[in-house]
Amino acid sequence: MNMVEKILARKSGQKSVAPGDVVLTDIDLMLMHDLSANFVMKVFENEMEGASIADPSKLVFAFDHNFAPATRDAAEALAAVRRFAAKHNVKNLFDSGCGSIHHVVMEAGLVTPGMIVIGCDSHTPIYGALGAFSTGVGNNSMAALGFTQNKGWFKVPETVKIHFHGTPMTAVQPRDISQFLVGKLGEDGAIYKALEYAGPYIESLDVNDRALFPLQAIDVGGKCGFVNPDDKTLRHVRALFGNKPGTPQFELFQNDADCRYAEVVDIDVSRIEPQVACPPTVGNVHPIDVAVGTPINVAEAGGSTGGRLSDIRTLARCFANRRVHPGVRLQVVPASRDIYLAALKEGLFETLHVAGANIFPPSAGSNQAFNMGALAEDEVMISTQARNFPGRNGHPKARHFLASALTVAASALTGKITDPRTLR
């Protein structure tokens, strides 16, 4: 068995499972951001009269989309979730300004190897970078089976192994490589598959960079994504608890030597150039050349796949003693309060502020344009966000390109989509 199969077997009380088996498992953590929390709460209260929450400690709410409500209705929606959490003794509520849900949950040490994590956000597979089985579920399933029973049912997925090797070119970042994979497999290339990210390149990355890969598993139709936990995983998780007594005990599930794969995909990262996902979908991925020269209005580092400390450092390096192009609005969105504080202490925000950037509160940024950053009809954006569907960030005719933080920085400097290899 592989890591995912072992976790599903353990949590369903079985010695072994195989692809195609249907299992009913215990759930360790259930995650909802402000939008999904409101939907699930309504299902629970309106359609399940008299039901109770089996274990409130396993629920997590994080306000990252509508964190600064601009309307009365939006404010009431957040207030309703707060009341629900208080009524049902849900202590894990990360309120407005906490940051993007996935970064917040990882930094809080709520996910450890061997867990089963479900969420109503499609990017929930991100926790596979920590050695967990994690996947998205629907609102009704979360309310009926998760809330009341601490259970989830799954069909054990077949696994596709992605073997990465080689050394990246100059100016090629992990986001370029994870994005390349989406384009290579296609948006229907791994439906209900588990994606195992492996090989020397993956092993060389820290956990934060590894997380970009399972986070995008959903973009090819995957059920989950994972990296086999190793010493880096162990150090990362223990560091979250300060290596203090009382650090949770967990098992590092590993693949058996003879585990089988539905397919093995080999990728030489040394052949990958900087990538860009062009409108209208995340799967429309090409080398940067196809978009070079496209004028932009907005550049943003933020969202589920951006706003990390490494991204903000990248921007600050590029803008030291430089200015944002006068026709561009550069939006910098820290993914969490901890990242915001670290960037303050390092002086990164001062550099970016002087350069003309706008620093947003920790959040999902302009993602879905609930609070800020909406695009007008004829505007063009390049960002590190996870999605670029029409209308997601404003007008449905606006165009949105996805790229690495380095490509976003290069483009904000020049006012047009720019190959980061040309930066001097």
Side-chain angles (χ1 to χ4, degrees), residues 100 102-103 121-123 125-126 168 171-187 189 209 211-222 225 272-308 310-312 314-315 328-333 335 360 364-369 373-375 379-412 414 416-420:
S100 175
H102 302 304
H103 294 273
D121 182 85
S122 62
H123 293 109
I126 187 174
V172 171
Q173 298 194 308
R175 172 61 186 264
D176 292 299
I177 295 169
S178 68
Q179 199 157 270
F180 169 86
L181 178 64
V182 173
K184 179 177 176 62
L185 295 182
E187 292 173 68
D209 282 336
L212 292 172
F213 293 83
L215 183 141
Q216 292 196 280
I218 187 61
D219 295 324
V220 294
I272 298 174
E273 300 178 78
Q275 303 287 301
V276 61
C278 302
T281 68
V282 292
N284 189 19
V285 180
H286 301 278
I288 188 73
D289 287 351
V290 305
V292 163
T294 303
I296 64 168
N297 306 96
V298 179
E300 180 173 298
S304 297
T305 43
R308 304 171 305 158
S310 60
D311 297 326
I312 299 171
T314 294
L315 264 66
V328 174
R329 306 189 297 276
L330 175 58
Q331 300 168 174
V332 183
V333 192
F360 284 8
S366 66
N367 177 29
Q368 300 183 51
L375 299 175
E379 290 190 312
V380 177
M381 180 181 197
I382 187 168
S383 82
T384 61
Q385 288 185 27
R387 298 271 163 78
N388 62 342
F389 304 145
R392 186 174 176 88
N393 284 69
H395 198 284
K397 291 186 179 179
R399 291 183 294 157
H400 189 177
F401 296 80
L402 306 175
S404 72
L406 187 58
T407 299
V408 168
S411 304
T414 63
K416 56 190 176 183
I417 296 179
T418 298
D419 189 330

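All figures in this text were calculated on a predicted structure; none of them were measured in a lab.
Residues V282 and V285 approach most closely at O-CG2, 3.2 Å, considering heavy atoms. Of all heavy-atom pairs spanning V290 and H286, the tightest one is CG2-CB, 3.4 Å. Of all non-hydrogen atoms in D419 and P274, the two that sit nearest each other are OD1-CG, 3.9 Å. The shortest non-hydrogen separation linking P420 to A410 is CA-CB, 4.1 Å. What you find for P295 and V380 is that their closest heavy atoms are O-CB, 3.5 Å. Taking every heavy atom of both residues into account, P125 and A217 meet most closely at CB-CB, 4.3 Å.
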Output, in order, the C-alpha distance, side-chain angles, deciding distance and verdict of side chain to side chain contact (heavy atoms under 4.5 Å, CB included) for L181 and Q216. CA-CA 9 Å; L181 178 64; Q216 292 196 280; over 6 Å; no

Criterion side chain to side chain donor-acceptor pair (under 3.5 Å) on S366 and Q385, from CA distance to verdict: CA-CA 9 Å; S366 66; Q385 288 185 27; 2.9 Å; yes

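Here the side chain of S404 pairs a donor or acceptor atom with the backbone of T407 at under 3.5 angstrom. The backbone N or O of C278 lies less than 3.5 Å from a partner atom in the side chain of N388, making a donor-acceptor pair. For the pair N284 (side chain) and T281 (backbone), a donor-acceptor distance under 3.5 Å is absent. Here the side chain of E187 pairs a donor or acceptor atom with the backbone of G283 at under 3.5 angstrom.
Here A299 pairs with I296, V328, L330, I382, V408, A412 under the side chain to side chain contact (heavy atoms under 4.5 Å, CB included) rule; sequence neighbours left out. With sequence neighbours left out, the ring-ring contact (aromatic ring centres under 6.0 Å, His included) criterion links F401 to no other residue.
Evaluation of the salt bridge (Lys or Arg N to Asp or Glu O under 4.0 Å) test over residues 379-391, restricted to residues two or more places apart or in two chains, returns D219-R387, R329-E379. Within the structure, salt bridge (Lys or Arg N to Asp or Glu O under 4.0 Å) pairs that include any residue of residues 396-406 comprise E377-K397 (at least two apart or interchain). Residue pairs satisfying the salt bridge (Lys or Arg N to Asp or Glu O under 4.0 Å) criterion with at least one member in residues 272-296, sequence neighbours excluded, are listed as follows: E273-R421. Annotation: salt bridge (Lys or Arg N to Asp or Glu O under 4.0 Å) contacts involving residues 174-184, sequence neighbours excluded, are absent.
Side-chain contact between H400 and R392 is absent, with no heavy-atom pair separated by less than 4.5 Å. Residues S178 and V182 have side chains not in contact (no heavy-atom distance under 4.5 Å, counting atoms from C-beta outward). Within the 4.5 Å cutoff, side-chain heavy atoms of S383 are placed close to those of L402. The shortest distance between side-chain heavy atoms of Q173 and T384 does not fall below 4.5 Å.
Distance check: T305 OG1 to Q179 CD gives 8.0 Å after rounding to the nearest 0.5 Å. Rounding to the nearest 0.5 Å gives a distance of 5.0 Å between CD1 of I177 and CD1 of I272. Taken from OG1 in T418 to CD1 in I288, the straight-line distance is 8.0 Å, to the nearest 0.5 Å. Rounded to the nearest 0.5 Å, atoms CD1 (I126) and CG (L212) are 7.5 Å apart.
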